[in-house]
Amino acid sequence: MPELPEVETIRRGLVKELAGLTLFGLAADESRVFRTSAAVLRTALSRAELLAVERHGKYLFLRFRNGILLLHLGMTGRLLVRNQEISHEPKKEDDSLPRHLHLRLFFEDDVVLEFWDTRLFGRVEWFPQATGPVRDLFPHLGPDPLSGEYREADFYERLKRHGGTRIKSLLIDQSFLAGLGNIYADEVLFRTRIHPARRVGGLRRFERAGLFTTIPNLLQEAIRKGGTTWRDYVNSTGGRGNFADELQVYARTGMPCRICGEPVRRLVLGGRSSHFCPRCQPRQGTFTS
DNA sequence: CACTTGACCTGTCCGC
DNA sequence: TGCGGACAGGTCAAGT
C-alpha cells in the first residue's frame, strides 16, 4: 500500500496518539514479517517509553531509549491504534492473534498499536542500542525528498550516474530516492510531462529541474490530503486518504487525460505498470518548458 | 557495474 | 458456482 505520503500520514497519527506513552507488553505471531524473534522483542520492549516516531522514505521507526523498532508496511501493511476497551480482539499476550494481525503493542492507558499485513511483504525489526539518526540504519537508501538531505546539485549529480536507466524505474528505486512508489512516480512523470520509458541520459535540463521541484511538491500535496486510498490503505485511525481524487494517470488506463482528453495508456516497465498520457508525455519529449 | 526478472504472499476481479 | 489468469501501492536475490 504505502508510499511516502501514506507513511507520513500514519507517522503523524502515531505521534498524536502514542507520544510519551510507555509500552509494557506485546503479542506477536510467527510470521515472516519478523526479522527479530518475539522473545527478543518481548525482552527489549517491556516497560519502554516511546520517545519519537520517525520516518525515512517508506520506513517508519519507533524510537525507545534502548533501541529502535522498524516497521515497514510492504504492500498491504496497516498500523491501527485502538483502545483496548473497544477492541474485541485478544486482551492478553498469550492469546493467539487473528489471521493477518501479526503484532499488538500494549501501551499504558489501554492504548494498543496493531500491525496487520495480508500479503506478508511487511517487516518488523528491532535495532538494539540504536540511538543515532534512523537514516544510519539504512545507509543504502537514497535521500528522502522531504528532508534536508535532498539537494539540487546532488540530485543532478546522481542522475548522471544512471543515464541508461528508464526514468520510471529510477524514480521507484529506493537507493536513488527513498519514498516514491508506483503511484507517485507515475504522477510525477505526468506533471513533468516525461514519458516513463525515456532514458535518464536523454532528459533535458528543464526536465531534470522539473523533476527536482515536482517530487517534493507532489508528496507534500498528497500528505495534505492524507495520502492515497486505492485499495488497502487506511491511516492509523482507520480513515481513508483523499489524494485518489487528484490522480491524473495512475489506474486510469483508457480514461481520458484530464488535460487533453487522450486516453491514458498503460505499459509495463521493469515488471511494474506505468500509466501515462501519450499526448502530454510523448516518448521523444516536449519542446517547451 | 548497470539493469532486468522473478520470487515472495494473499486477495480480488473478470472472463468463461 | 467454480476455475484460471491477470493484477495489486514493495523489496530482495539472482540472472544477463
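Throughout, protein chains are lettered first and strands after them, A, B, ... in sequence-line order, and every chain is numbered starting at 1.
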Practice task
Please check if any side-chain donor atom of A:T192 sits under 3.5 Å from a side-chain acceptor atom of A:T214, or the reverse.
Solution key: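 Looking only at side-chain atoms, A:T214 and A:T192 do not form any donor-acceptor pair under 3.5 Å.
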Practice task
Evaluate whether atom CZ of A:R191 has more than 12 neighbouring non-hydrogen atoms of other residues, nucleotides or ligands under 6.0 angstrom away.
Solution key: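 Yes, CZ of A:R191 has more than 12 neighbouring heavy atoms, counting only those of other groups under 6.0 Å.
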Practice task
Check the hydrophobic clustering (I, L, V, M, F, W, Y; side-chain heavy atoms under 4.5 Å; chains of links allowed) and say if A:I194 and A:L218 are grouped together.
Solution key: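 As far as the 4.5 Å side-chain criterion goes, A:L218 and A:I194 are connected within one cluster.
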Problem - Aromatic ring proximity A:H102/A:F34, centre distance under 6.0 Å - result: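 No; A:F34 has its ring centre 6.0 Å or more from that of A:H102.
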Practice task
On DNA chain C, check which nucleotide each of A:H72 and A:S273 is closest to and give me the residue with the more 5' one.
Solution key: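 Nearest-nucleotide comparison on DNA chain C picks A:S273.
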Describe the nucleic acid contact of [X] in one word from base, sugar-phosphate, nothing, applying a heavy-atom distance below 4.0 Å.
X	result
A:Y59	sugar-phosphate
A:G271	nothing
A:Y250	sugar-phosphate
A:R123	sugar-phosphate

If I take atom [atom1] in residue [X] and atom [atom2] in nucleotide [N], what distance separates them, rounded to the nearest angstrom?
X	N	atom1	atom2	answer
A:E3	C:dA8	CD	C1'	12 Å
A:L159	B:dA2	CG	P	14 Å
A:L171	C:dG9	CG	C1'	15 Å
A:D173	B:dT5	CG	P	15 Å
A:R32	C:dA13	CZ	P	11 Å
A:F176	C:dT11	CZ	C1'	18 Å
A:R199	B:dT4	CZ	P	7 Å
A:H102	B:dT10	NE2	C1'	10 Å

Nearest of [options] to any side-chain atom of [X]?
X	options	answer
A:K58	C:dT11, B:dC9, B:dT4	C:dT11
A:Q174	B:dT4, C:dT11, C:dG9	C:dT11
A:N182	C:dG9, B:dT4, B:dC9	C:dG9

Handout entry: Nonpolar side-chain network containing A:L51, other nodes, edges under 4.5 Å
Key =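 A:L51 shares its hydrophobic cluster with no other residue.
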Does [X] have a side-chain nitrogen or oxygen under 4.0 Å from the phosphate oxygens OP1 or OP2 of [N]?
X	N	result
A:R119	C:dA8	no
A:H100	B:dG11	yes
A:R231	B:dG11	no
A:T165	B:dC3	yes
A:R99	B:dG11	yes

Handout entry: Donor-acceptor pair, side chain of A:R65 and main chain of A:Q129, under 3.5 angstrom
Key =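 No: the side chain of A:R65 does not pair with the backbone of A:Q129.
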Practice task
May I ask whether A:F121 stacks on the base of C:dT11, given the cut-offs of 5.5 Å between ring centres and 30° between planes?
Solution key: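 Whether judged by distance or by angle, A:F121 falls short somewhere, so it does not stack on the base of C:dT11.
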Mind checking the [atom1] distance from [N] to [M]? Whole angstroms is fine.
N	M	atom1	value
B:dA7	C:dG5	P	15 Å
C:dG9	B:dC3	P	22 Å
B:dC9	C:dC3	P	23 Å

Practice task
Tell me the stems DNA chain C sits in, counting at least three consecutive Watson-Crick or G-U wobble pairs, each under 3.5 Å on both distances.
Solution key: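 Result, WC/G-U stems under 3.5 Å: B:2-8 with C:10-16, B:10-16 with C:2-8.
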Practice task
Measure the acute angle between the ring planes of A:F276 and A:H195, then classify it against the limits of 30° and 60° as parallel, tilted or perpendicular.
Solution key: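 A:F276 and A:H195: tilted rings.
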Problem - Ring geometry between A:F138 and A:Y59 (parallel below 30°, tilted from 30 to 60°, perpendicular above 60°) - result: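 The arrangement is tilted - the two ring planes meet at 30° to 60°.
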Practice task
Using only heavy-atom distances, decide whether a donor-acceptor pair under 3.5 angstrom links the side-chain of A:R161 to the base of B:dA2.
Solution key: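 When only heavy-atom distances are counted, A:R161 does not reach the base of B:dA2 through any donor-acceptor pair under 3.5 Å.
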Exercise for the section: Answer yes or no on whether A:R78 is positioned over the face of A:Y233, meaning its NZ or CZ is under 6.0 Å from the six-membered ring centre and within 45° of the axis. Expected result: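 Not satisfied by the 6.0 Å and 45° rule.
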Handout entry: Nearest-nucleotide comparison on DNA chain B, the residue closer to the 5′ end among A:L120 and A:G164
Key =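 Here A:G164 is the residue nearer the 5' end.
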